Every structure is written in structure tokens, then in C-alpha cells.
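As the structure is a prediction and not an experimental result, all values here were calculated from the model. Counting starts at 1 for both ligands and their atoms, following the listed order.
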Amino acid sequence: MTKIIYDTFMSYLSHEDKASAVAYAIGLLEDGKVDHESLYLDLLAPSLIHFECTLEDEALCIWKEHIRTSIIRTIIEASYVSLIKRIEHVNKINVSIMVTTPAFEYHEIGAIMNTHLMLLEGFDATYIGANTPKDEILSALRTYNPDYLALSVTNQYNLVITKQITDEIRRYFPETGIILGGNAFRDPHNYLAIAHDKVLNSLEDLKAFAKEVAK
Ligand code: B12
């Protein structure tokens, strides 16, 4: 990712110019200047993670955060069109993963991005939504019976509900593997008490995991 690409994109975002930001990002993919991995991890993720609002009015900052998230989300969804073309040529590894964020966890961009990245690594991955109540997760597991459930968690105060969900999965779906990902699990202390099979937090982790579990 060159500095000029990054700066141009950030300038559209800072002006909340959604049309230009979306057209520019999708143009980068179409012209082969970036691949999906680099678009997501070197451009879109940093644009949110380093989001700063200098306005004194905090309420306005939250709206600005919403506008920026909506632009990024549109780009990710629009990038799916070229993603499916790439997936046709990806070696499938016959491992299915259902991705979600648990109840009360609204931060979903990492979960959506990583669902796309999983598809590029050959997984059969499905994002079932954010803020998903425990019973809905259990019902989806019953219906789709995936090999793994991936829970993306950002806020540490959602660790308690995550523990409740994973305990029930272990009890009722002992065959289903549990993957934890997201900022809440950067600190290993946060997953010590949570039932899981794998903690994944980067593309490198995902690639290594694909090699490990490929059928
Ligand atoms: C956008 C945003 C929001 C949006 C989310 C919209 C949406 N649809 O997702 C909205 C406005 C809803 C929001 C709300 C809140 N937010 Co907020 N939000 C952010 C912000 C600016 C960006 C988050 C983001 O999308 N990052 C980009 C993604 C791609 O990064 P990521 O999630 O870290 O994911 C990466 C990795 O973690 C990993 N990953 C993530 N999941 C998974 C899963 C798997 C399987 C794998 C392999 C990898 C993986 O891959 C990604 C790429 O590297 C951050 C700022 C920051 N520094 O992160 C604050 C931030 C996360 N929010 C914060 C807070 C406090 C809140 C609120 C409580 C209050 C508020 N400010 O409004 C509410 C809580 C809502 C709730 N109940 O969940 C805090 C969290 C503090 C903490 N650690 O607990 C942050 C850090 C802001 C801050 N500096 O205080 N937020």
C-alpha cells in the first residue's frame, strides 16, 4: 500500500465523501493496484482503528464514526463482487465456519472482513450477523452444523456473555470447534476462562489455521 493511495483515500473519508471513497477503493481492486487482503488490512481497517475526532461535541463524534463505518462497510460489500471471482480459483479445504458477534457486540467490521478472508483461504465461511443472541447462535448451529463457530469480540464487557455462549456450545454441540477473534482477545488473560479451540487475530493466523485443519 503506497502512501499516496492511503492519503488519497483518507482525504475522501475525512470529507465524508462516500461516493469518491467507494469508487476509489473499488477502482484500486479493479485496476489490480491492491488485492482484497491489502485493501481490508492496510487501508480499511486502519481507517477505522485510527479514527480520531477532534470535535469537542462527543455526540457529533459518534455520528462521524457511524458515517465512516457505513462507508467502509459499503466498500467491503461492494468488494464481494470481485471476491467471488477470485474464490472460484481458490483451493477449497472443506472446512465450514460460521462467523458472528455475540449479543451486545455491535462492532462487526472485523467479523465481516475476516469472513471474506476465510473464503480466500478456502474455508466455507458464512457471516450470520452482529449482536446475535445466544439462542439464535444455538439455533443457527443446529441448522447449519458448521465445523467451527467464530466469535468476534471487541469490548471486554462482552466476555461474560461470550463465556455463557461457549459453555452452552461445549454442552450441546461438543463436535463444533470454537474460534475466538477480535480485540478483546489480544490479551490472553481474557480467553483463559472461555472455552475455545483456537484464537485467531491476523491473516497469518488464518493461513496457518487453514493449513492445520484442511481436510
Ligand atoms: C466503528 C466503531 C464503532 C461502531 C461499530 C459499527 C459496526 N457496524 O461495526 C459503533 C459506532 C457502533 C461503535 C459503538 C461503540 N463503541 Co466503538 N469503535 C469503533 C472503532 C472506531 C472502529 C472499530 C473497527 O471497526 N475497527 C476495524 C476492524 C477491522 O478492526 P478490528 O475489529 O480490531 O478487527 C481486526 C482484528 O481484531 C481482527 N479480528 C476481529 N475479529 C476477528 C474475528 C476472527 C475470526 C479473526 C480471524 C480476526 C478478527 O481482524 C481485523 C483486521 O485486523 C473503534 C476504534 C478502534 N481503535 O478500534 C471503536 C471502539 C472499538 N469502540 C469503543 C467503544 C467504547 C464503543 C461504545 C461502547 C461507545 C461508543 N463509542 O459509542 C459502543 C459500543 C457498542 C456495542 N455495544 O458494541 C472502544 C472499545 C474500548 C474497549 N476495548 O472496550 C473503541 C476502541 C474506541 C475507543 N478508543 O474507546 N463503535
Side-chain angles (χ1 to χ4, degrees), residues 1 10 13-14 16 25 36-55 57-77 79 95-133 137 146-162 166 176-187 189-191 194 196-213:
M1 177 69 48
M10 290 309 289
L13 284 188
S14 64
E16 292 168 357
H36 294 81
E37 290 88 338
S38 178
L39 178 75
Y40 294 171
L41 300 174
D42 303 331
L43 197 61
L44 304 186
S47 77
L48 285 168
I49 292 166
H50 305 304
F51 173 77
E52 270 176 28
C53 180
T54 48
L55 296 176
D57 185 345
E58 250 186 56
L60 266 179
C61 284
I62 291 174
W63 279 111
K64 288 192 158 292
E65 207 170 273
H66 281 254
I67 292 169
R68 183 167 295 201
T69 311
S70 137
I71 297 173
I72 301 304
R73 201 191 158 129
T74 300
I75 295 170
I76 297 172
E77 300 295 2
S79 77
V95 177
S96 54
I97 308 185
M98 205 167 82
V99 185
T100 189
T101 81
F104 311 115
E105 182 59 74
Y106 294 180
H107 299 95
E108 62 174 342
I109 301 294
I112 301 173
M113 267 183 193
N114 278 285
T115 305
H116 287 190
L117 295 174
M118 286 169 186
L119 292 169
L120 289 172
E121 294 308 317
F123 290 102
D124 170 9
T126 311
Y127 175 60
I128 65 158
N131 181 24
T132 313
I137 294 178
D147 296 309
Y148 291 90
L149 172 78
L151 288 164
S152 174
V153 184
T154 299
N155 283 326
Q156 299 194 10
Y157 54 70
N158 292 328
L159 291 171
V160 174
I161 184 74
T162 305
T166 53
T176 308
I178 300 172
I179 298 168
L180 303 177
N183 264 335
F185 301 116
R186 298 264 173 213
D187 179 351
H189 288 106
N190 287 346
Y191 52 77
I194 298 181
H196 66 279
D197 297 283
K198 209 80 196 172
V199 178
L200 303 177
N201 254 324
S202 66
L203 182 56
E204 291 69 36
D205 289 352
L206 212 50
K207 283 181 184 290
F209 182 60
K211 276 199 185 134
E212 187 187 317
V213 298

What protein heavy atom sits nearest [atom], and how far away is it?
atom                    : result
atom 40 (C) of ligand 1 : Gly182 CA, 3.4 Å
atom 7 (C) of ligand 1  : Tyr106 O, 3.4 Å
atom 1 (C) of ligand 1  : Thr69 OG1, 3.3 Å
atom 72 (O) of ligand 1 : Ile62 CD1, 4.1 Å
atom 63 (C) of ligand 1 : His107 NE2, 3.9 Å
atom 67 (C) of ligand 1 : Tyr157 OH, 4.3 Å
atom 28 (C) of ligand 1 : Gly110 N, 4.0 Å
atom 52 (C) of ligand 1 : Leu41 CD2, 3.6 Å

Would you please determine whether Met118 falls within less than 4.0 Å of ligand 1 on a heavy-atom basis?
-> yes
Could any protein non-hydrogen atom be found less than 4.0 Å from [atom]?
atom                    : result
atom 54 (C) of ligand 1 : no
atom 74 (C) of ligand 1 : yes
atom 69 (C) of ligand 1 : no
atom 86 (C) of ligand 1 : no

[atom1]/[X] to [atom2]/[Y] distance, rounded to the nearest 0.5 angstrom?
X      : Y      : atom1 : atom2 : answer
Phe185 : Ile194 : CZ    : CD1   : 4.5 Å
Ser152 : Glu108 : OG    : CD    : 9.5 Å
Ser14  : Arg68  : OG    : CZ    : 7.0 Å
Leu149 : Thr176 : CG    : OG1   : 8.0 Å
Ile75  : Arg73  : CD1   : CZ    : 13.0 Å
Met98  : Leu151 : CE    : CG    : 8.5 Å

Are the side chain of Asn201 and the backbone of Gly182 linked by a donor-acceptor contact shorter than 3.5 Å?
-> yes
Check whether any side-chain heavy atom of [X] lies under 4.5 Å from a side-chain heavy atom of [Y], and answer yes or no.
X      : Y      : result
Val99  : Asn114 : no
Asn190 : Leu180 : no
Thr101 : Tyr106 : no

Give a yes-or-no answer on whether the side chains of [X] and [Y] include a donor-acceptor pair shorter than 3.5 Å.
X      : Y      : answer
Ser38  : Asp42  : yes
His196 : Tyr191 : no
Thr154 : Asn183 : no
His107 : Glu105 : yes

Is the Phe123 ring parallel, tilted or perpendicular to the Phe209 ring (thresholds 30°, 60°)?
-> parallel
Can you say whether the rings of His66 and Trp63 are parallel (under 30°), tilted (30 to 60°) or perpendicular (over 60°)?
-> tilted
Give yes or no for whether the N/O distance cutoff of 3.5 Å, strictly under, is met between [X] and ligand 1.
X      : value
Ser152 : yes
Glu108 : yes
Glu65  : yes

Per-atom contacts, ligand 1 versus [X] - under 4.0 Å to a heavy atom:
X      : answer
Glu105 : 78 (O)
Leu200 : 46 (C), 47 (C), 48 (C)
Met113 : 29 (C)
Ile109 : 9 (O), 25 (O)
Phe104 : 76 (C), 77 (N), 78 (O)
Ala45  : 29 (C)
Asn155 : 74 (C), 76 (C), 78 (O), 80 (C), 81 (C), 82 (C), 84 (O)
Thr154 : 61 (C)

Just to be sure I'm reading this right: ignoring hydrogens, which of [options] gets closest to [atom]? Compare them by their nearest heavy atoms.
atom                    : options                     : value
atom 56 (C) of ligand 1 : Ile49, Asp42, Ile179, Ile72 : Ile49
atom 37 (O) of ligand 1 : Arg186, His66, Lys198       : Arg186
atom 51 (C) of ligand 1 : Thr101, Asn114, Leu48       : Asn114
atom 33 (O) of ligand 1 : Asn183, Leu180, Ile76       : Asn183

